[in-house]
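Take a look at the structure set out below.
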Number of protein chains: 2
Amino acid sequence: MISSPRRGKQLADKVYQDIKDDIFEFRLLPGDRFSENEMAQRTGASRTPVREALFRLEREGYVEVSPRNGWQVKPFDFHYFEELYDVRTVLECAAVRRLCELENLADTLQPLMALWSVPEDQRLRDISGVLNLDENFHSELVRTAGNGEMTRIHQNITERLRIIRRLDFTKRARIDATYDEHHAILETILHRWVEPAQIMLKAHIEASRNEVRKITLHMLYEARRQGSGDTGDALPAPTSGSRAGA
Amino acid sequence: MISSPRRGKQLADKVYQDIKDDIFEFRLLPGDRFSENEMAQRTGASRTPVREALFRLEREGYVEVSPRNGWQVKPFDFHYFEELYDVRTVLECAAVRRLCELENLADTLQPLMALWSVPEDQRLRDISGVLNLDENFHSELVRTAGNGEMTRIHQNITERLRIIRRLDFTKRARIDATYDEHHAILETILHRWVEPAQIMLKAHIEASRNEVRKITLHMLYEARRQGSGDTGDALPAPTSGSRAGA
DNA sequence: GCATACCTCGTTGTATACCAGTAGGTATGC
DNA sequence: GCATACCTACTGGTATACAACGAGGTATGC
């Protein structure tokens, strides 16, 4: 059994994924500071693979380094998330246009169609499952459009938004809406109605985005309530108890 | 005199820039292979900063590594460049739409307008100068639209396309056209005519892209003429004399 | 009590030493 | 002559040692 075609960087990759998971699971909180040595101990690796992992995470916008002063998990920047949503919308609308111009549209869209036209009683009900499915829908929409670079960029944005979409605590109410909207969007694309499909997609993303805005306001309120007032649009680590080590 | 606010990673940054320049100036040719030790000698640094630089270049798509088999400059992949052009067009068209919806449009666009409505006798004539200006026009168009993330992504794409746009040997014939088209696009945006402006912009990019296509065909022809026939869409290092070291 | 200067400790940045795996040449058996 | 198996040299991956720099605490002068 060949485990993977490229064996190199096993540790660095593992450390990268570990830290990223820690951030996504909020074991590392936005604002938390740590040093390379701490992280090396925490992950059991040496500084070299840790640094490589951190540099990748830095480029992807999850952490930042001050030259001789340690690292920190980037505080939430909601303005930045808003911008990401905008770019995401632009890319997906472009994908829709491209899809509508495809020759073998029906065949291409068939797999997605199958996923999203299941009868009501066979729909997934659990939140995280639907969240995954939803993410997959949008990714596939772009991927199916056929531009690899656009797919890569969209994937990157999706991942960066995931941390905040995971907070979407009111999602349960929107599960059925999600199924219906996705199905409707696909149908519209199948009819090659470009503008209507784009409008529907925009509205769909906007809905999800409004959830995020609610969370934003809630978190800002919480942060202001218990913290000092100097946190404009950033959410600091709530207490000093959220140490990275241990 | 404070040379720079962040002093860290001086060597790694320098090495990164050096290698990138080598690639852009074709001192390192697409397909060239090299090891980390060679590159360390070549740049005078140790492997650590060299590796950091290479990882960055890898993520940006300029080089690739095979685990225990050395690095190589990524061969030209014209399909990939085509995709980048597509994404670029999508982003810039979105920027145009956003610009047309701006409140203080005239003020915002004023600097660009000043640059591109100079009388004929004051226009730049040298190729590389106009190339820079042209790149700047498109970057500013996006930046002015106000989405930082979109700007960042667009900037990244622009840089990746630069290596091939530098080959645009027929540009001289298009200098006047470039000035005229940029000016016209700006005027159209000022009138808030979204679709016309987008169409003009698309056509403008398409023209530049056709130059690239010509180069593509030419280079493929050259590569096939002197190399073996197994290079589908990749351009290998022409001869074994293009060694990285020395 | 306060400001300032110094010193220490911890941080990242860089260099080097060590490890593991692979490609490719070479020798050997047929 | 050919195929196969081994062996070596070189690769990137990882760990560690060393250097330079900065923040922050502490002591000292006022």
Side-chain angles (χ1 to χ4, degrees), chain A residues 1-19 28 31-59 62-74 236-237 240 243-246, chain B residues 1-19 28 31-60 62-74 230 236-237 240 243-246:
Chain A
M1 181 185 97
I2 298 167
S3 62
S4 95
R6 48 189 284 273
R7 303 287 311 282
K9 297 192 197 183
Q10 297 184 69
L11 245 184
D13 282 348
K14 180 185 169 303
V15 170
Y16 167 81
Q17 202 55 54
D18 281 357
I19 301 178
L28 277 175
D32 271 1
R33 307 182 65 126
F34 59 90
S35 76
E36 293 173 2
N37 277 320
E38 282 180 75
M39 198 51 78
Q41 281 201 305
R42 181 192 176 93
T43 59
S46 78
R47 272 182 65 208
T48 308
V50 167
R51 293 189 101 227
E52 189 186 323
L54 287 175
F55 289 145
R56 284 179 61 185
L57 291 166
E58 182 188 26
R59 265 203 70 77
Y62 296 111
V63 299
E64 59 189 348
V65 57
S66 358
R68 292 273 196 296
N69 199 24
W71 294 76
Q72 79 168 313
V73 183
K74 262 204 182 173
S240 61
R243 204 70 182 86
Chain B
M1 181 186 94
I2 297 166
S3 62
S4 95
R6 46 187 287 271
R7 305 287 310 282
K9 298 191 198 181
Q10 296 182 61
L11 245 185
D13 282 347
K14 180 185 168 304
V15 170
Y16 166 80
Q17 202 55 53
D18 281 357
I19 301 178
L28 277 176
D32 271 1
R33 307 181 67 127
F34 58 91
S35 76
E36 293 174 2
N37 278 319
E38 280 180 77
M39 198 50 78
Q41 280 201 305
R42 182 191 174 94
T43 59
S46 78
R47 273 182 64 206
T48 307
V50 166
R51 276 169 65 84
E52 188 185 323
L54 287 176
F55 291 147
R56 285 178 60 184
L57 290 166
E58 182 187 27
R59 262 204 68 77
E60 289 168 19
Y62 295 111
V63 299
E64 60 189 347
V65 58
S66 357
R68 297 260 197 264
N69 199 22
W71 293 75
Q72 80 168 312
V73 182
K74 262 203 182 173
D230 63 340
S240 61
R243 205 68 182 83

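Naming: A, B, ... by sequence-line order, numbering from 1 per chain. All values below were derived from every heavy atom in this structure, side-chain atoms included, with hydrogens, water molecules and symmetry-related copies excluded. Keep in mind it's a predicted model, so treat the numbers as computed, not measured.
- When the shell of 6.0 Å around CD of A:Q17 is examined, it contains more than 12 heavy atoms from other residues, nucleotides or ligands.
- In this structure, the nucleotide among D:dT11, C:dG13, D:dT14 sitting nearest to the side chain of B:R68 is D:dT11.
- For B:T48, counting side-chain heavy atoms from C-beta on, the closest listed nucleotide (D:dA15, C:dA15, D:dA20) is C:dA15.
- For B:E36, the listed nucleotide lying nearest its side chain is D:dG13; candidates were D:dG13, D:dA15, C:dA23.
- Checking the phosphate oxygens (OP1, OP2) of D:dG13, a side-chain nitrogen or oxygen of B:R51 falls inside 4.0 Å.
- The CG-C1' distance, from B:N69 to D:dT11, rounds to 7 Å in whole Å.
- Mapped onto DNA chain D by nearest heavy atom, A:A12 and A:R47 fall at different nucleotides, with A:A12 at the one closer to the 5' end.
- Under the rule for a ring pair (Phe, Tyr, Trp, His ring centres under 6.0 Å), the partners of A:F55 that lie at least two apart in sequence or sit in another chain are A:W71.
- Between A:I19 and A:L57 the shortest heavy-atom distance is CG2-CD1, 3.5 Å.
- For the pair A:L54 CG and C:dG13 P, the interatomic distance rounds to 10 Å; values are reported in whole Å.
- DNA chain C contains the following stems of three or more consecutive Watson-Crick or G-U pairs, with both distances under 3.5 Å: C:1-30 with D:1-30.
- A salt bridge between B:E60 and A:R59 is present, with a side-chain N of the basic residue lying under 4.0 Å from a carboxylate O of the acidic one.
- When B:K14, B:K9, B:R47 are each tested for a salt bridge (Lys or Arg N to Asp or Glu O under 4.0 Å) with B:E52, only one passes: B:K9.
- Taking atom CD of B:Q72 as the reference point, atom C1' of C:dA23 lies 15 Å away to the nearest angstrom.
- For the pair B:K9 NZ and C:dT12 P, the computed distance is 11 Å after rounding to whole Å.
- What separates OH of A:Y16 from C1' of D:dG13 is a distance of 19 Å, to the nearest Å.
- Among the protein residues, B:S35 comes within range of the sugar-phosphate backbone only, with heavy atoms under 4.0 Å from sugar or phosphate atoms but none that close to a base.
- Minimum interatomic distance between A:A40 and A:S46 (heavy atoms only, all atoms of both residues): CB-C, 4.0 Å.
- In this structure a side-chain-to-backbone donor-acceptor pair under 3.5 Å is present from B:R33 to B:N69.
- Atom pair B:E38:CD and D:dT11:P shows a separation of 7 Å (rounding to whole Å applied).
- Going from atom CZ of B:R33 over to atom P of C:dG24 covers 8 Å, rounded to whole Å.
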